[in-house]
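Note on naming: letters A, B, ... go to the chains in the order of the sequence lines (proteins, then strands), and numbering restarts at 1 for each one. What you see is a predicted model, and the numbers here were worked out from it, not measured in a lab.
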Amino acid sequence: MSDFRPGGLRITRKAMEHWKLPRGARVLDVGCGTGETMEYLEKEYGFTCSGIDLSMARLKEGRTRNPGLDIQYGDGEFLDGFSSYSFDGVLMECTLSLINLPDEALHEAYCVLKKGGRLFVSDLYIKDPDPGFVKALAIEAERQSKKPHREMECGDDCAEEHRSRPSALRSDGRFLIDPLIEQLTEIGYRSIAWEDCSQELDNFVAEKLMRDGTLEGCLCDAALHPRDKFKTGYFMLTAEKPLQD
Amino acid sequence: MEEKQKLICDKCKVEMVELEVEFSYLNRSFRHKVPRCPECGQVFIPEKLATGRMSEVEKNLEEK
């Protein structure tokens with residue numbers, strides 16, 4: 001299981017209650033890791049799952065455990081390897097915060113979803129952000145988006161640089177709910193519903209401290225610190241690609 | 001080599017085993033493996049755990 005996924009499968013199960021997809025539905029797991037969620041969805045819900053991840057080590061671990069898993073190397077920002085209108089569901093659990101351009105990944109997911117298909121996202125978010133901060137972030141993101149980003153410009157920690165790049169939806173790996181919903185609506189998603197799951201984040205922190213004695217080693221460990229400047233929470237969100245344009 | 005000490009439940013006189021236990025504090029809950037009696041469910045919290053990691057967790061949750 002991912003080293004960073006608060007709530008484990010509890011949040012996944014809750015999302016599946018919203019999705020209400022039939023057995024045999026085709027589902028894409030973006031950031032599938034070793035494919036454990038896919039195995040669970042196939043077994044419990046009868047879905048046919050595919051998954052992509054950027055970690056070769058985790059993909060290898062998954063293939064060794066279950067050679068039948070349909071998992072491959074891939075980035076959520078580029079889903080060109082999949083046909084448009086080919087999935088009934090796309091999930092991104094604790095993945096969107098790591099993607100360079102989250103708006104692009106949400107758009108790609110929209111493209112590969114069939115009409116009536118469902119999206120499920122769970123990730124970190126900033127609780128009650130200051131309106132001035134939200135506005136300043138939008139201005140900075142707009143300014144940065146005009147600057148071209150060339151290959152090889154990143155330093156040693158490319159993922160960290162991408163995560164901290166300003167986006168109107170995200171700051172330091174944490175999302176802003178209102179701009180995120182606005183972006184989803186602009187892409188075309190409808191029936192957008194989100195809920196706070198921050199208690200799962202606190203439980204996750206407690207379990208990690210009990211097990212390892214430290215929060216180090218988690219992605220975005222600053223967000224887990226009690227004195228975190230952003231008051232980070234955890235959310236789950238589901239949305240639908242409308243049946244009619 | 002030092003032999004691992006067996007813990008016996010005082011009430012049931014059976015050996016305690018490492019089992020996952022759910023702890024609750026300030027409306028938050030977390031699971032961790034500690035020695036537990038398989039019959040009556042009594043748990044043993046080692047002092048090192050109570051004053052170390054468990055105290056860290058309490059502090060973390062209190063500061064939230």
Side-chain angles (χ1 to χ4, degrees), chain A residues 1-14 36 40 94 122-129 172-174 195-236, chain B:
Chain A
M1 192 56 63
S2 160
D3 194 33
F4 187 85
R5 197 176 66 160
L9 290 167
R10 281 191 297 275
I11 297 180
T12 316
R13 278 194 289 271
K14 208 184 268 188
E36 288 191 18
Y40 172 77
C94 247
S122 67
D123 226 309
L124 298 168
Y125 80 105
I126 299 176
K127 289 178 175 176
D128 306 319
D172 278 316
R174 302 129 165 117
E195 88 179 59
D196 177 77
C197 301
S198 300
Q199 193 155 337
E200 294 286 8
L201 185 66
D202 294 343
N203 296 346
F204 173 83
V205 168
E207 279 178 14
K208 170 107 175 98
L209 278 174
M210 284 293 278
R211 192 177 60 242
D212 305 332
T214 175
L215 292 175
E216 276 176 35
C218 277
L219 296 168
C220 210
D221 50 358
L224 309 181
H225 197 277
R227 289 187 193 141
D228 162 47
K229 61 179 175 178
F230 285 117
K231 288 197 172 66
T232 306
Y234 199 74
F235 74 95
M236 63 164 277
Chain B
M1 207 164 72
E2 201 182 322
E3 201 182 316
K4 206 181 169 191
Q5 246 186 338
K6 278 184 187 174
L7 284 169
I8 308 292
C9 173
D10 192 47
K11 186 179 159 200
C12 311
K13 310 293 177 207
V14 294
E15 191 181 338
M16 294 179 105
V17 286
E18 289 267 320
L19 287 172
E20 205 167 68
V21 173
E22 185 167 314
F23 297 92
S24 294
Y25 189 64
L26 297 176
N27 292 325
R28 304 290 189 264
S29 59
F30 51 97
R31 303 182 76 83
H32 191 70
K33 276 188 177 174
V34 288
R36 182 177 179 175
C37 172
E39 291 192 5
C40 70
Q42 173 153 257
V43 297
F44 173 74
I45 312 286
E47 190 181 344
K48 197 178 162 197
L49 185 69
T51 56
R53 291 181 181 185
M54 199 170 264
S55 154
E56 271 295 304
V57 169
E58 286 171 1
K59 221 176 347 171
N60 186 294
L61 294 177
E62 284 159 11
E63 283 178 11
K64 286 256 172 190

Pair up each side-chain donor or acceptor in residues 21-31 of chain B with any protein partner under 3.5 Å, not counting sequence neighbours, and list the distances.
| from | atom 1 | to | atom 2 | distance (Å) |
| --- | --- | --- | --- | --- |
| B:Glu22 | OE1 | B:Arg31 | NH1 | 2.8 |
| B:Tyr25 | OH | B:Glu62 | OE2 | 2.3 |
| B:Arg28 | NE | A:Asp202 | OD2 | 2.5 |
| B:Arg28 | NH2 | A:Asp202 | OD2 | 2.9 |
| B:Arg31 | NE | B:Glu20 | OE1 | 3.0 |

**B:Glu15, CD: over 12 other non-hydrogen atoms inside 6.0 angstrom** = yes

**Complete:** Residues of residues 46-58 of chain B with a heavy atom under 4.5 Å from any heavy atom of chain A, in residue-number order, are B:Leu49, B:Arg53, B:Met54, B:Glu56, B:Val57

**Message:** Out of A:Glu207, A:Met210, A:Lys231, A:Glu200, return the one with the most heavy atom pairs under 4.5 angstrom to chain B.
**Reply:** A:Met210

